[in-house]
K.L.:
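Just passing along the structure, written as structure tokens.
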Number of protein chains: 2
Amino acid sequence: MKTSLRKQEIINKSEILFKEKGYSAVTMRDIATVMGMKAASLYNHIKSKQEILSDIILSLAEDFTSGMEVIVSSDKTTVEKLQDVISLHVQITTDHPSGMASLNADWMHLEEKLDYYLELRDAYEENFRQLISSGIKNKEIAVVNPEVVVFSILSTLRSLYLWIPKKDDFNLKELDADLSKVLLGGVII
Amino acid sequence: MKTSLRKQEIINKSEILFKEKGYSAVTMRDIATVMGMKAASLYNHIKSKQEILSDIILSLAEDFTSGMEVIVSSDKTTVEKLQDVISLHVQITTDHPSGMASLNADWMHLEEKLDYYLELRDAYEENFRQLISSGIKNKEIAVVNPEVVVFSILSTLRSLYLWIPKKDDFNLKELDADLSKVLLGGVII
DNA sequence: GAAACTAACTAACAATCGTTAGTTTTGAAG
DNA sequence: CTTCAAAACTAACGATTGTTAGTTAGTTTC
């Protein structure tokens with residue numbers, strides 16, 4: 001059951017529209033217009049508007065989940081793992097900036113797939129929290145309120161989609177290092 | 001032209017609905033239901049759905065603008081001013097957590113008032129940038145990429161609405177100090 | 001070259017949208 | 001008790017929504 005080329009084009013165009021106006025404000029006729037066809041023709045490739053949103057969000061959520069699993073099961077230090085998490089966000093957001101907008105803004109419209117998404121998100125956040133806690137226990141990370149640290153870092157990483165499209169390739173290479181410095185600079189011992 | 005009590009109730013209920021599903025997905029009939037009336041009756045108090053959104057977002061945006069003006073024109077140090085900006089965000093978000101969701105997620109649906117909102121937002125961000133730049137020049141703030149610092153702090157402060165409703169009053173008093181420590185801890189010299 | 005498949009089309013569906021018009025209820029002031 | 005305005009109601013409007021049905025043109029398979 002692999003995704004056809006035409007379906008992927010619909011998803012790619014939809015991502016951009018969803019980022020501009022949000023899922024609910026984008027109509028099937030809007031999507032059809034940028035695809036150069038009529039709204040009814042979209043249904044030769046997708047089965048519903050919902051499916052487009054689900055495909056966008058869940059594929060990204062699964063990328064984060066599998067990326068996180070690789071990182072936590074490595075034998076690096078906690079600080080190195082946190083740097084890897086930052087890189088993971090920069091990488092995925094660079095590859096799918098518009099899709100990240102839907103992930104952040106329109107996940108509540110997932111309906112049937114909502115529970116699955118929330119499972120993935122909760123597990124991801126729990127991994128992140130564990131990382132910070134271990135770092136404090138290891139004395140790699142300063143003793144500051146771990147909730148605030150998780151919230152602050154995650155808020156910044158989740159907002160990257162607003163910012164990365166404005167960066168060129170040159171700045172993008174430095175972004176990783178700068179983010180580590182700013183996000184972790186204050187908490188690393 | 002002051003806002004009537006009943007209109008303010010509509011705005012308050014709408015904020016909560018807008019936070020849950022986004023402006024576009026909330027119908028006038030949804031708002032009427034939580035108000036205990038029929039959709040048509042809403043128009044005795046408001047002139048359009050747009051007006052509800054504009055009132056929510058612009059009143060908050062103006063709070064930020066006037067708050068920022070007070071802060072930048074004070075004679076405190078740059079670091080103290082930044083702490084005041086953090087307090088400003090905590091304060092406004094605590095008072096209007098649902099409205100902050102609309103400000104962050106639905107500003108693009110403002111239409112006639114969009115340009116005015118963008119002016120306020122741009123001016124606010126420019127003030128923030130100036131604050132960081134002055135701090136670096138004064139040697140109060142470490143020489144790290146100022147763009148990344150602005151982006152990181154602002155991303156966190158703008159996401160507070162997701163977090164503050166979960167905090168009780170006790171934690172809320174500590175939040176200010178913890179945020180300053182985490183957000184500024186890495187950049188203050 | 002007949003059959004099957006792909007991907008577009010036109011036309012239309014029932015449902016829902018924001019909003020308006022006109023009417024009735026309510027409650028306070030004279 | 002009457003008056004009057006505020007605030008609710010019913011009914012409906014035209015526009016738009018996601019989606020389905022049936023058709024057609026072009027391409028591939030046998």
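Just so we're on the same page: letters track the sequence lines, and every chain starts at 1. In this text the structure is predicted, and so the values were computed from the model without any measurement.
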K.L.:
Where do A/Ile153 and A/Leu184 come nearest, in terms of heavy atoms and distance?
P.N.:
CD1-CD2, 3.9 Å

K.L.:
What would the secondary structure line of DNA chain D be in dot-bracket form, counting Watson-Crick and G-U wobble pairs under 3.5 Å, with [ ] for pairs that cross earlier ones and | for pairs with another strand?
P.N.:
||||||||||||||||||||||||||||||

K.L.:
Counting only N and O atoms by type, is there a donor-acceptor contact under 3.5 Å from the side chain of A/Glu126 to the main-chain atoms of A/Asp122?
P.N.:
no

K.L.:
Can you list, in residue-number order, the parts of residues 42-58 of chain B that come under 4.0 Å of DNA chain C, counting heavy atoms only?
P.N.:
B/Tyr43, B/Ser48, B/Lys49

K.L.:
Identify, with sequence neighbours excluded, every residue that meets salt bridge (Lys or Arg N to Asp or Glu O under 4.0 Å) alongside B/Lys173.
P.N.:
none

K.L.:
Check every nucleotide of DNA chain D for an atom under 4.0 Å from a heavy-atom of chain B, then give the first and the last such nucleotide from 5' to 3'.
P.N.:
D/dA7 to D/dA12

K.L.:
Taking N or O atoms only and anything under 3.5 Å, show me the protein contacts with nucleotides 24-27 of chain C, one pair per line.
P.N.:
none

K.L.:
What is the distance, to the nearest angstrom, from the NZ atom on B/Lys21 to the P atom on C/dT16?
P.N.:
12 Å

K.L.:
Shared ILVMFWY cluster between A/Phe128 and A/Val143, side chains joined below 4.5 angstrom?
P.N.:
yes

K.L.:
Would you tabulate the side-chain donor-acceptor contacts of residues 8-18 of chain B under 3.5 Å, counting partners in other chains and residues two or more places apart, or write 'none'?
P.N.:
| from | atom 1 | to | atom 2 | distance (Å) |
| --- | --- | --- | --- | --- |
| B/Gln8 | NE2 | B/Asn12 | OD1 | 3.2 |
| B/Glu9 | OE1 | B/Arg6 | NH1 | 2.5 |
| B/Asn12 | ND2 | B/Gln8 | O | 3.3 |
| B/Ser14 | OG | B/Ile10 | O | 2.7 |

K.L.:
What residues in residues 27-41 of chain A put a non-hydrogen atom under 4.0 Å from any atom of DNA chain C?
P.N.:
A/Arg29, A/Met37, A/Lys38, A/Ala40, A/Ser41

K.L.:
Please list, chain by chain and in numerical order, all residues satisfying side chain to side chain donor-acceptor pair (under 3.5 Å) with B/Thr78, sequence neighbours excluded.
P.N.:
B/Asn138, B/Glu140

K.L.:
Enumerate the ring pair (Phe, Tyr, Trp, His ring centres under 6.0 Å) contacts for residues 35-56 of chain B, please, sequence neighbours excluded, ordered by first and then second residue.
P.N.:
none

K.L.:
Okay, side chain of B/Asn171, backbone of B/Lys167: is any donor-acceptor separation there less than 3.5 Å?
P.N.:
no

K.L.:
Write out all pairs satisfying side-chain hydrogen bond (donor to acceptor under 3.5 Å, both in side chains) with one or both partners inside residues 55-73 of chain B, taking only residues at least two apart or from two chains.
P.N.:
B/Lys7-B/Asp55, B/Glu62-B/Tyr116

K.L.:
Filter on ring pair (Phe, Tyr, Trp, His ring centres under 6.0 Å), then keep only pairs touching residues 129-158 of chain A, sequence neighbours left out; what's left?
P.N.:
A/Phe151-B/Trp163

K.L.:
Apply the side chain to side chain contact (heavy atoms under 4.5 Å, CB included) test between A/Thr156 and each candidate in A/Leu183, A/Val182, A/Ile86; give the one that qualifies.
P.N.:
A/Leu183

K.L.:
Would you kindly confirm whether A/Ile56 and A/Leu5 end up in one hydrophobic cluster when ILVMFWY residues are joined by side chain heavy atoms under 4.5 Å apart?
P.N.:
no

K.L.:
Please check if the side chain of B/Ser87 supplies one atom and the backbone of B/Gln83 the other of a donor-acceptor pair under 3.5 Å.
P.N.:
yes

K.L.:
Centroid separation under 6.0 Å, is that true for the rings of B/His89 and B/Phe64?
P.N.:
yes

K.L.:
Which donor-acceptor pairs under 3.5 Å do side chains of residues 22-42 of chain A form with protein atoms, sequence neighbours excluded?
P.N.:
| from | atom 1 | to | atom 2 | distance (Å) |
| --- | --- | --- | --- | --- |
| A/Tyr23 | OH | A/Gln50 | N | 3.4 |
| A/Thr27 | OG1 | A/Arg29 | N | 3.3 |
| A/Thr27 | OG1 | A/Asp30 | N | 3.0 |
| A/Thr27 | OG1 | A/Asp30 | OD2 | 3.3 |
| A/Asp30 | OD2 | A/Lys21 | NZ | 3.4 |
| A/Asp30 | OD2 | A/Thr27 | N | 3.0 |
| A/Thr33 | OG1 | A/Arg29 | O | 2.8 |

